[in-house]
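Worksheet: the structure to be examined is printed underneath.
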Amino acid sequence: MSHLPLLPILVPLFAAALALFAEHRRFGMVPQRVIAGVSLAVQLVVAICLLRAVADGTVLVYLLGDWPARLGISLMADRLSAMMVLVSALLAVACLLHAGAGWDRRAPHFHAFFQFQLMGLNGAFLTGDLFNLFVFFEVLLIASYGLMLSGGRGDRMRAGFHYVSVNIAASTLFLMALGLLYGLLGSLNMAEMSMKVAQAPAADLPLIQAAAGLLLLVFCTKAALLPMYLWLPQTYAHAPAAVAALFAIMTKVGLYAVLRVCLLLFGASAGALAGFAWDWLLPAGVVTLVLASLGVMAAVRLRALAAYLVLVSAATLFIAFALAREGTIGAGLYYLAHSTFAGASLFLIADLVRRRRGEDGDRGDRGLPVPAKTLPGLMFLIAAVSLAGLPPLSGFVGKLLLLMATIEQRWVWMVLLASSFLVLVGMARAGTRLFWRVPPDAAPAMPADAPPAPARTLETAATLLLLGYGVAMALAAAPILDYTRAAATQLLSPAAYVEQVRAQLPAMRAP
């Protein structure tokens, strides 16, 4: 039994404990930053090893406490979960670089919260049972509360309390659903549940449907699907830049849970419950995409525009996953990684613009210039091209493949194209207002003799790193797409996953 699936959880856990120790001993920020950097380097290596270990279709299963999967806690890694762990690690590297430029000094316990959030993210992607999915959801959410509210006041505190309230309500529903399912099925291990759902007596089906409906509501709230998306724009727009960039992966956790749980528990082999509520995801995703695209058009602040683009990506992924075909899911997984990196980069660019314009911030309705705008303007151009789906960057590859996979659904195809056009117009207008068109009588954003905010090397490096991920994804599109299509095939054929998980014996019983 390989210990590899456990390491993405243990490494950030111990790093968080060490960061708290260093903070308690008042050693300053340097030891905390070193601990965080080493932790991320190890996590990145582990994520790559995990990806290589499952690339051939193997499902790695780790039985905590050496208990059988049906009785104890199990971790599992397949192509999808390994990919998500790697995306989280790559994103975290850039976010930590940006925070290391000085923001981490202003947020109490920043590095501990950061590592705990990574622990929660990795655990959610690697857990093999629903109860521990709930546990890891709570770990990453509690850490995100700390990151969101640390050092905040005013609008950020109001948005943060709204975010906390919504997630506490969702967590309560999650716990209720788990209690119902455990009482009806006798297990919360997803592989075992998939067998029990198919064999459930007819009398239990209404209650199983009720519990499954609660689960879907919770996951769609985390993923910000209509009408449960109202918490996201204000929360992301008021979060600190490095935190908002890390939050770009948060909606993807909800999407991952929908994809994993629904295809495993309510797939084609689920008998009377096969495809439960799946038909509702496509129209809900389409309506969310339309409203999010209109939000991009209406956004005045660059950070609000970036928040609505996170909604656009989540809605696009709901459409791709709801069609439940190898082509759409494979294209969607590629688009998932692209949209995470590109969306996160826009939050960092917005922060750079805000600091350079002083009190005018990142608003685009005042027509005031951005001092020393060449570098942020070029970075915005690259991000805009990628997010709008224009060639030659990864956004174009993801959108093109998704359009090709949905060409039979003409109305879906048209909605995706219309959304891309609205995003393009919104990005072009924001870029024009901030970096190009300035009214001749506009007062400068800062006094003429005042230098712009200094360009912090780490902040610039973090933004360029995220943009570089998109360029690398475009250059390596073929092998990445081969991997995502294989992951889609594995997801759509859960029998092999269930067999490998159930066949894993405790070490003391293994032959």
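Just so it is clear, the structure is predicted and the values come from calculations on it, not from any experiment. Because only heavy atoms are used, hydrogens play no part in the values below, and waters and symmetry mates are left out as well, while side chains stay in.
A donor-acceptor contact shorter than 3.5 Å is absent between the side chain of Asn132 and the backbone of Thr127. In this structure a side-chain-to-backbone donor-acceptor pair under 3.5 Å is present from Trp231 to Thr221. A donor-acceptor pair under 3.5 Å is formed between the side chain of Asp78 and the backbone N or O of Ser81. Of the possible donor and acceptor atoms, none in the side chain of Trp413 sits under 3.5 Å from a partner among the backbone N and O of Glu408. A side-chain donor-acceptor contact under 3.5 Å links Ser293 to the backbone of Leu289. The main-chain N or O of Asn167 is found under 3.5 Å from a side-chain atom of Ser171 such that the two form a donor-acceptor pair. A donor-acceptor pair under 3.5 Å links the side-chain atoms of Tyr256 to the main chain of Phe125, judged by distance alone. Under a 3.5 Å cut-off, the side chain of Tyr236 and the backbone N or O of Phe247 do form a donor-acceptor pair. Looking only at distances, a side-chain donor or acceptor of Gln490 sits under 3.5 Å from a matching main-chain atom of Arg79. Lys222 places no side-chain N or O within 3.5 Å of a backbone atom of Val218 that could act as its donor or acceptor partner.
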- Would you please test Lys399 and Ser420 for side chain to side chain donor-acceptor pair (under 3.5 Å) and show each step? CA-CA 9 Å; Lys399 279 287 181 71; Ser420 298; 2.8 Å; yes
Side chain to side chain contact (heavy atoms under 4.5 Å, CB included), that's the test. Do Gln32 and Gln115 meet it? Break it down for me.
CA-CA 11 Å; Gln32 295 181 57; Gln115 294 297 322; over 6 Å; no
request  = Any chance you could lay out the side chain to side chain contact (heavy atoms under 4.5 Å, CB included) test for Leu311 and Leu291, step after step, and finish with the verdict?
outcome  = CA-CA 9 Å; Leu311 276 177; Leu291 293 179; over 6 Å; no
*Run the numbers on Leu465 and Leu90 for side chain to side chain contact (heavy atoms under 4.5 Å, CB included), then give the verdict.*
CA-CA 9 Å; Leu465 181 61; Leu90 291 171; over 6 Å; no
Please evaluate residues Asn189 and Ser187 with respect to the criterion side chain to side chain donor-acceptor pair (under 3.5 Å), reporting the C-alpha separation (whole Å), side-chain torsions for both, the decisive distance (0.1 Å), and the verdict. CA-CA 6 Å; Asn189 181 275; Ser187 176; 5.4 Å; no
Run the side chain to side chain donor-acceptor pair (under 3.5 Å) test on Thr489 and Glu326 for me, step by step, so that the C-alpha distance in whole Å, both residues' side-chain angles and the decisive distance to 0.1 Å come before the verdict. CA-CA 6 Å; Thr489 302; Glu326 179 185 324; 3.1 Å; yes
Kindly indicate, with the supporting measurements, whether the criterion side chain to side chain contact (heavy atoms under 4.5 Å, CB included) is fulfilled by Leu6 and Leu64.
-> CA-CA 9 Å; Leu6 185 62; Leu64 287 171; 3.8 Å; yes
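Considering Val54, Leu4, Leu44 as possible partners of Cys49, the one that fulfils the side-chain contact (heavy atoms from CB on, under 4.5 Å) test is Leu4.
Atom CZ of Phe341 and atom CG of Leu91 lie 6.5 Å apart (nearest 0.5 Å). For the atom pair Leu336 CG and Lys252 NZ, the distance stands at 6.0 Å (nearest 0.5 Å). How far CD1 of Ile407 is from CG of Leu416: 12.0 Å, rounded to the nearest 0.5 Å.
With contacts defined as side-chain heavy-atom distances shorter than 4.5 Å, the pair Met250/Leu141 qualifies. Between Phe110 and Leu96, some side-chain heavy-atom pair lies under the 4.5 Å cut-off. In this structure, Leu130 and Leu215 have side chains that are in contact, with non-hydrogen atoms separated by less than 4.5 Å. Proximity of Val258 to Leu225: side-chain heavy atoms (C-beta onward) are nowhere separated by under 4.5 Å. In this structure the side chain of Phe174 never reaches within 4.5 angstrom of the side chain of Leu217, judged on heavy atoms. The side-chain heavy atoms of Leu50 and Leu7, taken from C-beta on, include no pair separated by under 4.5 Å. Between Tyr62 and Leu126, the closest side-chain pair of non-hydrogen atoms is not below 4.5 Å. For the pair Tyr469 and Val93, the minimum side-chain heavy-atom distance is below 4.5 Å.
The aromatic rings of Phe113 and His109 sit perpendicular to each other, their planes meeting at more than 60°, with 30° as the lower class boundary.
Nearest heavy atoms, Leu393 versus Ala474: C-CB, 3.9 Å. A pairwise comparison of heavy atoms in Ala337 and Met83 identifies CB-CE, 4.3 Å as the closest pair. Minimum heavy-atom separation, Cys220 to Leu281: SG-CD2, 4.1 Å. Heavy atoms only, all atoms of each residue included: Ala94 and Ala462 are closest at O-CB, 3.2 Å. Across Leu402 and Ala331, no two heavy atoms sit closer than the pair N-CB, 3.8 Å. Of all heavy-atom pairs between Phe347 and Gly343, the closest is CD1-O, 3.3 Å.
A cation-pi contact, defined as under 6.0 Å to the ring centre and within 45° of the axis, is absent between Arg260 and Phe219.
Here the two rings, on His338 and Tyr335, have centers that are under 6.0 Å apart. Aromatic ring centroids of Tyr145 and Tyr163 lie under 6.0 Å apart.
Within a 6.0 Å radius of CZ in Phe131, no more than 12 heavy atoms belonging to other residues, nucleotides or ligands are found.
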